[in-house]
Colleague: 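I'd like to ask some things about the structure below.
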Number of protein chains: 2
Amino acid sequence: MKVTMKDIAREAGVSVATVSHVINDTKNITEVKKKKVLEIIDKYNYVPNSTAKNLRRKSTKTAALVVSSSTDSFVNEMIFGVEKKAREMGYSLLLVNTNEDAVYEEKTIKILHSKMVDGIILSPTSNDLDYLNKFTKSMPIVLVNRYNEVVKNAPRVTGDNYTIGFDATEHLIEHGHNNIGLIYSVPNVSTTEERIRGYKEALEKYNLTYKNNYLEIGYGTVDGGGKAAEELLKRHKEITALFILNDFMTVGVISKLRELSITIPDDIALIGFGDSPASAIIDPPVTNMILPPQEIGEKAFKLLLKKINKENDIENFELPASMVVRKSCGCQ
Amino acid sequence: MKVTMKDIAREAGVSVATVSHVINDTKNITEVKKKKVLEIIDKYNYVPNSTAKNLRRKSTKTAALVVSSSTDSFVNEMIFGVEKKAREMGYSLLLVNTNEDAVYEEKTIKILHSKMVDGIILSPTSNDLDYLNKFTKSMPIVLVNRYNEVVKNAPRVTGDNYTIGFDATEHLIEHGHNNIGLIYSVPNVSTTEERIRGYKEALEKYNLTYKNNYLEIGYGTVDGGGKAAEELLKRHKEITALFILNDFMTVGVISKLRELSITIPDDIALIGFGDSPASAIIDPPVTNMILPPQEIGEKAFKLLLKKINKENDIENFELPASMVVRKSCGCQ
DNA sequence: AGTTATAAGTTAAACGATTAACCAATAGGA
DNA sequence: TCCTATTGGTTAATCGTTTAACTTATAACT
């Protein structure tokens with residue numbers, strides 16, 4: 001049988017209110033009684049039932065993090081950024097993975113909405129986020145990494161994906177490439193679209209024409225990346241550079257190019273995304289566009305906390321991108 | 001104001017009990033009333049408050065996963081194994097990271113014990129787990145990855161770490177190496193100790209003497225790995241092979257060896273642990289000992305569920321290890 | 001017709017805390 | 001001495017569900 005506050009009260013010869021007050025330090029209690037109560041608490045290793053507390057207090061000190069993709073290292077690091085900040089702030093974190101399933105996402109948010117989490121950090125699956133507006137009124141929500149203009153009342157923290165697309169493309173152009181393929185993980189999400197927008201505008205700047213079929217989907221997986229590269233190079237022999245939007249796919253692409261005896265960067269130059277530590281010792285070392293995932297996660301939680309505490313100025317953050325130059329792009 | 005069951009009942013002209021019964025399908029209700037109730041529920045987008053439900057039902061349909069280290073890819077994949085199974089089974093998952101802090105771990109378990117979760121999956125920080133026995137009686141707990149014989153009443157699912165140590169060492173010996181260094185992440189945890197035991201026994205089998213100072217700590221980080229390798233090779237010029245227990249450290253080691261112009265595998269052969277996709281395209285491709293992290297996570301959740309449902313046969317699982325041979329060990 | 005079973009709802013007591021409102025006893029001030 | 005504050009503590013309502021026990025009304029059987 002689990003021991004409750006009532007048991008503690010009985011054994012200490014006081015009321016439950018008194019026990020509650022010594023635990024929460026919410027009223028003066030004489031030293032002698034306080035000591036007695038604490039003794040009994042210690043004796044039974046008693047911890048207040050948080051479900052009951054939550055019900056009464058209408059707060060759970062728990063936040064949810066809903067991510068859409070799973071194991072890639074960028075998301076992984078972002079998760080731990082959120083978790084870290086949550087922990088520091090005395091919050092627990094509920095982790096849900098929607099696997100890019102928009103229907104499941106909506107169901108999840110709805111359930112979470114009643115699960116009495118105090119707030120939700122969401123990295124949404126699709127660009128069709130109107131359903132969210134039903135929830136943002138009554139529940140603190142912040143969008144992370146991906147976003148959509150349609151969502152009201154939810155701040156967001158993202159990376160500067162436009163610059164990622166622009167700088168990577170420009171860099172490849174400066175290396176003399178006029179036909180640059182792009183391999184993305186998932187369509188219809190802001191991260192992909194912003195990067196493509198950057199890619200497009202960089203091409204424009206140099207008077208190169210943007211071609212729709214230079215883009216190929218790679219599903220964020222090693223295999224998907226490899227297949228996308230193969231497909232792209234078969235269809236367009238003129239392509240001499242690849243911009244790859246996720247590090248699993250980069251691994252797949254590199255493996256595939258080796259298999260096809262295509263050398264990097266001489267035959268095909270290459271820029272990836274996300275700085276997994278291995279990038280530096282891959283052959284050749286790969287040039288990456290990077291964003292600070294952990295920082296993004298932490299910032300998102302901070303913003304959520306502000307919303308929870310009703311500091312109601314909606315502010316969005318866009319964290320700066322940068323490039324770490326190695327050999328796969330043709331440098332050195 | 002959040003709408004409650006009372007509001008639904010009032011508007012539908014029935015009692016709260018009836019509403020509850022239609023929601024949970026726990027009593028016959030006439031079609032007409034049922035329809036009315038469901039209509040109102042839909043109109044307000046009502047979802048029952050789960051905190052209240054939890055309090056009454058004494059179950060939260062939530063499990064906690066407490067991991068000790070954070071971002072390495074093995075743990076990451078294990079996390080998603082647990083999350084996946086939990087999701088499939090209708091459970092939510094609370095994720096806590098103790099950062100190898102034993103004191104924080106104990107505090108966490110104690111708080112979690114307060115009925116916020118139905119069960120706990122723990123990958124513990126240290127080998128000193130006696131404190132756990134206070135909790136295993138009253139809370140379903142399963143150990144994952146790491147374990148300790150002292151813990152009673154908690155099943156475990158681990159990998160066959162002994163074989164990992166043995167096979168890696170034997171393989172290096174067969175390549176002609178007599179002086180093999182070992183770089184581990186953390187001391188005093190079963191994973192490390194079992195692998196060292198395997199390492200030791202492989203040496204014995206070939207009549208090689210085990211030397212304590214061939215072991216070096218690398219803290220599971222890229223930098224730590226690099227420093228450990230440097231230290232080890234400076235101290236013991238005779239070392240010609242390295243067995244590295246975590247993939248971040250492997251990256252650090254390889255970078256450091258390049259820096260020192262030491263070639264792999266000719267000067268130093270090398271076997272790592274954990275199969276991050278990049279392993280295949282690193283220069284040279286690295287030979288790894290592997291374990292199925294996702295499977296370990298899923299199995300752990302299944303076991304937890306059994307415990308939660310009081311199917312009280314404690315069974316432990318040890319998942320088999322294997323080796324994926326590439327060039328860093330000297331093969332090919 | 002009389003008895004019993006069943007079906008469809010309702011009432012009200014939990015679940016285990018928190019906390020506003022209340023009360024008695026002591027202290028302080030004039 | 002009388003009045004008012006303050007201190008230390010208790011009582012009881014409340015959070016939003018679930019569910020056992022109860023109540024009718026209707027159906028079924030002899």
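Since we're looking at a predicted model, the values are computed, not measured. These numbers come from the heavy atoms of this one structure, side chains and all, not from hydrogens, waters or symmetry mates. Protein chains get the first letters and strands the later ones, always in sequence-line order, with residue 1 at the start of each.
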Colleague: Whole angstroms only, please: what is the CD-C1' distance between B:Glu31 and C:dA8?
Modeller: 13 Å
Colleague: In whole angstrom, give the distance that lies between atom CE of B:Met5 and atom P of D:dT19.
Modeller: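 Rounding to the nearest Å, CE of B:Met5 and P of D:dT19 are 10 Å apart.
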Colleague: Has B:Tyr46 got a side-chain N or O lying under 4.0 Å from the OP1 or OP2 atom of D:dT17?
Modeller: yes
Colleague: Measuring from the side chain of A:Ser20 (C-beta onward, heavy atoms only), which nucleotide among C:dT18, D:dT18, D:dT17 has the closest atom?
Modeller: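 Comparing C:dT18, D:dT18, D:dT17 against the side chain of A:Ser20, the answer is C:dT18.
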Colleague: Got a donor-acceptor pair under 3.5 Å from the side chain of B:Arg56 to the base of D:dT18?
Modeller: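 Indeed, a donor on one side and an acceptor on the other fall under 3.5 Å apart.
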Colleague: Give the intermediate values and the outcome of salt bridge (charged side-chain N to carboxylate O under 4.0 Å, His left out) for residues A:Glu315 and A:Lys306.
Modeller: CA-CA 10 Å; A:Glu315 33 176 6; A:Lys306 274 195 178 180; 3.0 Å; yes
Colleague: Could you tell me the separation between the NZ atom of A:Lys33 and the P atom of D:dT7, rounded to a whole number of Å?
Modeller: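 Going from NZ in A:Lys33 over to P in D:dT7 covers 17 Å.
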Colleague: With the side chain of A:Val16 defined as its heavy atoms from C-beta on, choose the nearest nucleotide among D:dT10, C:dT18, C:dG16.
Modeller: C:dT18
Colleague: Does D:dT18 have OP1 or OP2 under 4.0 Å away from a side-chain N or O of B:Asn24?
Modeller: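 Result: yes.
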Colleague: Can you tell me the distance, in whole Å, between the NZ atom of A:Lys6 and the P atom of C:dT18?
Modeller: 15 Å
Colleague: Could you check how far CG of A:Leu55 sits from P of C:dA14, rounded to whole Å?
Modeller: 17 Å
Colleague: Any carboxylate oxygen within less than 4.0 angstrom of a Lys/Arg side-chain nitrogen, looking at A:Lys43 and A:Glu11?
Modeller: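 Judged by the 4.0 Å cut-off on N to carboxylate O distance, A:Lys43 and A:Glu11 do form a salt bridge.
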Colleague: May I ask you to say what A:Thr30 touches in the nucleic acid, namely base, sugar-phosphate or nothing, with a heavy-atom cut-off under 4.0 Å?
Modeller: sugar-phosphate
Colleague: Output the single nucleotide from D:dT19, D:dG16, D:dT10 whose closest atom is nearest the side chain of B:His21.
Modeller: D:dT19
Colleague: Rounded to the nearest angstrom, tell me the gap between atom NZ in B:Lys58 and atom P in D:dA20.
Modeller: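 Taking NZ of B:Lys58 and P of D:dA20, I get 14 Å after rounding.
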Colleague: Mapping A:Thr4 and B:Asn28 to their closest nucleotides on DNA chain C, which lands nearer the 5' end?
Modeller: B:Asn28
Colleague: Let me know the distance between CG of A:Asn54 and P of C:dA17, rounded to the nearest Å.
Modeller: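 It works out to 12 Å between those atoms.
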Colleague: When you check the gap from the basic side-chain N to the acidic O, do A:Glu39 and A:Lys33 get nearer than 4.0 Å?
Modeller: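 Between A:Lys33 and A:Glu39 there is no salt bridge, as every charged N stays at least 4.0 Å from the carboxylate O atoms.
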Colleague: Do B:Arg146 and B:Thr158 have a side chain donor and acceptor closer than 3.5 Å?
Modeller: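 No pair is found: no donor N or O on one side chain lies under 3.5 Å from an acceptor on the other.
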Colleague: Rounded to the nearest Å, what distance is computed from the CD1 atom of residue B:Ile29 to the P atom of nucleotide C:dA7?
Modeller: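 Going from CD1 in B:Ile29 over to P in C:dA7 covers 13 Å.
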Colleague: Regarding C:dG9, can its base be found pairing with the side chain of B:Lys27 as donor and acceptor, where the two atoms are less than 3.5 Å apart?
Modeller: yes
Colleague: If you check every side-chain atom of A:Thr18, which of D:dT19, C:dT18, D:dT10 has the closest atom?
Modeller: D:dT10
Colleague: Once rounded to the nearest 0.5 Å, what's the spacing between atom CG of A:Leu95 and atom CG of B:Leu93?
Modeller: 6.5 Å
